[in-house]
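See structure below.
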Amino acid sequence: MAEKTVLNQTEEKQEKKKVLFSGIQPSGKITIGNYVGAIKNWLTLQEDYDSIFCIVDLHAITVAQEPSELRANTWNLLALYLACGLNPEKSTIFVQSHVPCHAELAWALNTVTYVGELNRMTQFKDKCARHADNINMGLMDYPVLMASDILLYQTDLVPVGADQKQHLELSRDIAQRFNSRYGTTFVVPEPYIAKHGSRIMSLQDAGAKMSKSDENENAFISMTDTPDEIRRKFKRAVTDSDTRVRFGDDKPEISNLLTIYSAFAGCTVQEAEKEFEGAGYGVFKPRIADAVIAVLEPIQKEQKRLLADKAYLNTVLAEGAEKAYYRARRTLTKVYKKLGFVPRA
Ligand code: AQP
């Protein structure tokens, strides 16, 4: 009897956990921007939230992908999630295209989203400029699919980098609009944007965010870069003509490097500034490389080991998809009912 009470209490605690959803596109080599802005935060959040971590392949195809590369990138990203410490026993880890409800709900949400809203999205405008030969409907509809990802799981919290804040605001608007038109259906999600590292910038242009699809390989550090590549890229990182290692609006390149150093060395930016007082960039840059390599090396080793165990990776994906599908289907059924669709007999 006592055992049953304890069990019930544990289940209740489990049930009461708030829901968290986040994802990354398998659209290239994952960068330290994705790691600092997303994965690193997920590791602590997964302890306290009912967490759902997705590999958003449906999003990735909004930009032309080589199918064999997309497949490889998806396996690599799954192995990276696990190698970094995401735990399939605690969290739901799955591939977006394995749960068709994402695309189905996106279609319904399209009918409560205005073209004007999508036209205003900064990422859409940026991507149109970068992919002028492939301005497809999917690119424009990306934020609606993202709203679908989030709302399907009645998500409370969405950890994102600063670049995704505008999309999350649109998800909230879509949820509120649907709720007021059809009656309460969705939880309205809140963003979680970390105080530091939510926007890691390009190593070649501190005015642009570090991005895995940047054509200039020197602009980003990939999670799979070798120590030599990492050292070389930091050495080539653009700086100013001053020599002081100081954080400030007038020193965007050094501020970015300090943010990266503090994220990987596990100190605050102020502590890092103190550490490199009077040192100059020639000392600072190799030390950033050391700090990044120290974190990446064990992750890379574990990622490699996991990639050789496809049976295990398949099990993680199958179990993740099943858990995700069950929850997603429940929300979609509710949505279809609210919309007035006749249920399938
Ligand atoms: N530079 C960054 N700094 C901090 N966080 C970042 N994120 C991405 N870049 C940075 C965060 O990583 C998560 C996953 O992003 P995504 O792959 O879904 O899409 P994205 O934001 O478009 O990332 P990329 O690297 O720029 O991809 P591509 O080049 O394919 O478009 C998100 O939480 C994002 O905020």
Side-chain angles (χ1 to χ4, degrees), residues 20-43 45 51-66 69-70 73-74 76-78 80-81 84 86 95-96 102 121-131 134 138-139 142-143 145-147 149-150 155 157-171 189 191-217 219-225 237 252-253 255-260 262-264 292:
L20 178 149
F21 181 96
S22 208
I24 297 182
Q25 302 179 73
S27 48
K29 291 184 193 164
I30 304 305
T31 72
I32 57 167
N34 299 124
Y35 177 73
V36 175
I39 301 174
K40 192 167 175 274
N41 299 320
W42 299 353
L43 297 177
L45 292 166
S51 304
I52 303 163
F53 300 118
C54 191
I55 294 174
V56 288
D57 54 353
L58 297 177
H59 281 280
I61 58 165
T62 57
V63 169
Q65 303 288 335
E66 178 58 46
E69 275 176 29
L70 178 62
N73 286 337
T74 303
N76 288 339
L77 184 52
L78 172 65
L80 182 69
Y81 276 7
C84 287
L86 295 184
V95 170
Q96 190 184 26
H102 288 250
M121 293 292 120
T122 312
Q123 184 177 292
F124 175 57
K125 289 191 238 173
D126 285 353
K127 290 211 166 166
C128 284
R130 274 162 57 196
H131 306 280
N134 184 20
L139 204 55
Y142 183 111
L145 181 59
M146 178 167 157
D149 301 336
I150 296 165
T155 303
L157 198 74
V158 186
V160 283
D163 60 314
Q164 292 294 336
K165 194 165 171 257
Q166 193 185 32
H167 285 169
L168 195 70
E169 272 158 16
L170 182 65
S171 296
Y192 171 92
I193 297 177
K195 277 205 187 89
H196 302 288
S198 71
R199 197 165 161 78
I200 301 294
M201 309 310 282
S202 154
L203 298 183
Q204 293 298 313
D205 171 10
K209 84 162 183 152
M210 185 179 283
S211 188
K212 61 175 118 62
S213 56
D214 200 314
E215 277 169 16
N216 182 353
E217 290 246 345
F220 61 87
I221 307 280
S222 139
M223 293 296 286
T224 49
D225 277 349
E253 294 87 3
S255 300
N256 187 39
L257 292 177
L258 274 167
T259 305
I260 295 173
S262 72
F264 283 89
V292 172

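Counting starts at 1 for both ligands and their atoms, in listed order. In what follows, residues are counted from 1 in the order of the sequence shown.
- For a threshold of 3.5 Å applied to N or O pairs, the pair formed by Lys127 and ligand 1 contains at least one separation below that value.
- Taking distance alone, with nitrogen or oxygen atoms compared against 3.5 Å, Met210 approaches ligand 1 more closely than that limit.
- Taking any N or O of Ser22, backbone or side chain, none lies under 3.5 Å from an N or O belonging to ligand 1.
- No hydrogens or angles considered: nothing links the side chains of Thr224 and Lys29 as a donor-acceptor pair under 3.5 Å.
- Both the backbone and the side chain of Ser213 come within 4.0 Å of ligand 1, judged by heavy-atom distances.
- Near Ser27, the atoms of ligand 1 lying under 4.0 angstrom from a non-hydrogen atom of the residue are 30 (O).
- Comparing Lys40, His59, Lys212 against atom 16 (P) of ligand 1, the shortest heavy-atom distance belongs to Lys212.
- Within the 4.0 Å heavy-atom shell around ligand 1 one finds Asp163.
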Show the numbers, then the answer: is there a side chain to side chain contact (heavy atoms under 4.5 Å, CB included) between Arg130 and Ser211? CA-CA 12 Å; Arg130 274 162 57 196; Ser211 188; 3.9 Å; yes
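- The N/O atoms of Asp214, backbone and side chain alike, include none that comes under 3.5 Å of an N/O atom in ligand 1.
- Under the 4.5 Å side-chain criterion, counting only non-hydrogen atoms from C-beta, His59 is in contact with Tyr142.
- Counting heavy atoms only, Asn34 comes closest to atom 7 (N) of ligand 1 of the residues Ile30, Asn34, Thr259.
- Taking only nitrogen or oxygen atoms, main chain and side chain alike, Gly33 reaches within less than 3.5 Å of ligand 1.
- For the side chain to side chain contact (heavy atoms under 4.5 Å, CB included) with Val158, the qualifying choice from Pro191, Pro189, Ser171 is Pro189, the only one to do so.
- Taking all heavy atoms of Met146, Arg130, Lys165, Gln164 into account, the minimum distance to atom 32 (C) of ligand 1 is reached by Gln164.
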Kindly list each side-chain donor-acceptor pair under 3.5 angstrom involving residues 122-129, sequence neighbours excluded, with atom names and distances?
{"unit_1": "Thr122", "atom_1": "OG1", "unit_2": "Gln166", "atom_2": "OE1", "d": "3.0"}
{"unit_1": "Gln123", "atom_1": "OE1", "unit_2": "Gln164", "atom_2": "NE2", "d": "3.2"}

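- Residue-ligand proximity: Gly23 is placed with a non-hydrogen atom under 4.0 Å from ligand 1.
- Note: Trp42 and Phe53 have parallel aromatic rings, judged against thresholds of 30 and 60 degrees for the angle between ring planes.
- Within ligand 1, the atoms closer than 4.0 Å to a non-hydrogen atom of Arg199 are 3 (N), 4 (C), numbered from 1 in the order shown.
- Polar contact with ligand 1: present for Ile200 (N/O pair, distance under 3.5 Å).
- To the nearest 0.5 angstrom, Ile30 atom CD1 is 8.5 Å from Gln25 atom CD.
- Using a 4.5 Å heavy-atom threshold, the side chains of Gln204 and Asp214 count as separate.
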Derivation and outcome, side chain to side chain contact (heavy atoms under 4.5 Å, CB included), residues Phe264 and Val36: CA-CA 8 Å; Phe264 283 89; Val36 175; 3.6 Å; yes
